[in-house]
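Shown next, in structure tokens, is the structure this report addresses.
Every number for a ligand or one of its atoms is a count from 1 in the order of the listing. Please read all numbers here as calculations on a predicted model, not as lab measurements.
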Amino acid sequence: MVDRARNELRRGLTSKRVRVSRSLAAVRDIIFPPSCVCCGRPTLEPESAQLCEACRELLLRGERRRCPRCCGQIPEFAAVCSRCESHGRRSYSAAICVGAYSEQLREAVLRSKKTSEFPATAALADLLWSLHRETLASWRIDGVVAMPMHWLRRLFRGVNGPQLLAERLARSLGAADLSSVLARRRNTPPQASLPPSARLANVRGAFRVRRANRVAARRILLVDDVMTTGATCQEAAATLLRAGAAEVFVAVIARSDA
Ligand SMILES: [Zn+2]
Ligand SMILES: [Zn+2]
């Protein structure tokens, strides 16, 4: 009886809190009208610091079918891309992205690497979530891990973009943010600066797992901003599997099709 009364009181307080926070958000939207994080024009959607419809269309322009394993572009009737067909299985089971690393999406990703651009990074994470909500749900993710940046590079950058994406996606998924679990052993040269043949060797042994018990038997979503050949994701996912993860999936904002 006491428990029931306590639960009812708690429910009442929670709904009151929700009503108050909605009212505050409405007042805030009148004083500071929400604007698109890309073009700055006011957006009509309430409670958002998001993308306007025009910018969303621009970011997704020209998107075609993608390989379900590595999210590379594929011709209309192919099941997987030629690389996945010839190389067989990768350490990660499947990958999703918003689109190609070019034009507006490339600019948005480059902006998201700056500390001051958190709303833009959040908008990209939300766009990825809205495009792939069903796929992400079907993966039954337990924990989200950001692609780690070497501490020396983070010192200069001030922020790890993938970390912000991972936090946002973990919240949308209702999964744990396990980013602190994966770390870089060494500061590797950027993959894009190397020929494709040297990329796998560049990242081999580059990662370590700090607390294996946090990933053991868990389904992990590995998050990065850009994927080039997938060699970095391949190595990071393999490291997580060796530490006992049940399965690893990948989500990136943009896929370089070069
Ligand atoms: Zn806009
Ligand atoms: Zn593929």
Side-chain angles (χ1 to χ4, degrees), residues 29 32-112 114 116-132 135-136 138-139 191 196-197 199-200 203 221-224 226-238 241 247-258:
D29 286 354
F32 306 105
S35 57
C36 169
V37 293
C38 272
C39 67
R41 281 193 290 259
T43 56
L44 298 173
E45 290 143 60
E47 292 184 41
S48 74
Q50 299 297 315
L51 294 165
C52 71
E53 206 43 53
C55 287
R56 187 184 154 98
E57 267 176 38
L58 271 180
L59 290 176
L60 300 175
R61 195 172 54 179
E63 251 317 278
R64 297 210 309 267
R65 288 188 68 232
R66 291 195 168 266
C67 171
R69 287 194 204 159
C70 73
C71 72
Q73 283 196 341
I74 49 173
E76 194 152 348
F77 298 107
V80 292
C81 74
S82 53
R83 262 193 209 144
C84 284
E85 200 155 78
S86 56
H87 286 91
R89 291 207 72 79
R90 296 169 190 263
S91 52
Y92 51 90
S93 303
I96 50 167
C97 67
V98 169
Y101 186 56
S102 64
E103 300 183 40
Q104 269 79 11
L105 190 56
R106 183 172 177 275
E107 274 174 36
V109 168
L110 290 174
R111 275 181 62 194
S112 76
K114 295 178 190 158
S116 55
E117 296 288 352
F118 176 70
T121 314
L124 288 175
D126 289 356
L127 180 59
L128 183 76
W129 165 249
S130 72
L131 291 171
H132 297 288
T135 305
L136 284 163
S138 73
W139 291 349
Q191 291 288 80
S197 56
R199 288 176 186 174
L200 207 53
V203 290
L221 181 69
L222 180 64
V223 177
D224 203 353
V226 184
M227 186 200 278
T228 43
T229 57
T232 313
C233 287
Q234 170 84 358
E235 182 64 21
L241 289 176
E247 200 165 2
V248 181
F249 301 85
V250 169
V252 295
I253 298 301
R255 177 74 155 88
S256 167
D257 292 313

Run Leu60 and Val98 through side-chain contact (heavy atoms from CB on, under 4.5 Å) and show every step you take. CA-CA 7 Å; Leu60 300 175; Val98 169; 3.7 Å; yes
Which is it for Arg66 and Cys97 under the side-chain contact (heavy atoms from CB on, under 4.5 Å) test, yes or no, and what are the steps along the way? CA-CA 9 Å; Arg66 291 195 168 266; Cys97 67; 3.4 Å; yes
What distance separates [X] [atom1] from [Y] [atom2], expressed to the nearest 0.5 Å?
X: Cys38; Y: Leu58; atom1: SG; atom2: CG; result: 8.5 Å
X: Cys67; Y: Ile96; atom1: SG; atom2: CD1; result: 13.5 Å
X: Leu124; Y: Arg111; atom1: CG; atom2: CZ; result: 9.0 Å

Which of the protein's N, O or S atoms come within less than 2.8 Å of the Zn ion (ligand 2), not counting waters? Cys67 SG, Cys70 SG, Cys81 SG, Cys84 SG
Pairs involving residues 97-110, ordered by first then second residue, that meet side chain to side chain donor-acceptor pair (under 3.5 Å) (sequence neighbours left out): Arg61-Glu103
Please lay out, stage by stage, how Cys71 and His132 fare under the test side-chain contact (heavy atoms from CB on, under 4.5 Å). CA-CA 12 Å; Cys71 72; His132 297 288; over 6 Å; no
Working for side chain to side chain donor-acceptor pair (under 3.5 Å), residues Gln73 and Arg64: CA-CA 7 Å; Gln73 283 196 341; Arg64 297 210 309 267; 3.2 Å; yes
Closer than 2.8 Å to the Zn ion (ligand 1), which protein N, O or S atoms? Cys36 SG, Cys39 SG, Cys52 SG, Cys55 SG
Going by ring-ring contact (aromatic ring centres under 6.0 Å, His included), name the residues that satisfy it together with Tyr92, two or more places apart in sequence or in a different chain. none
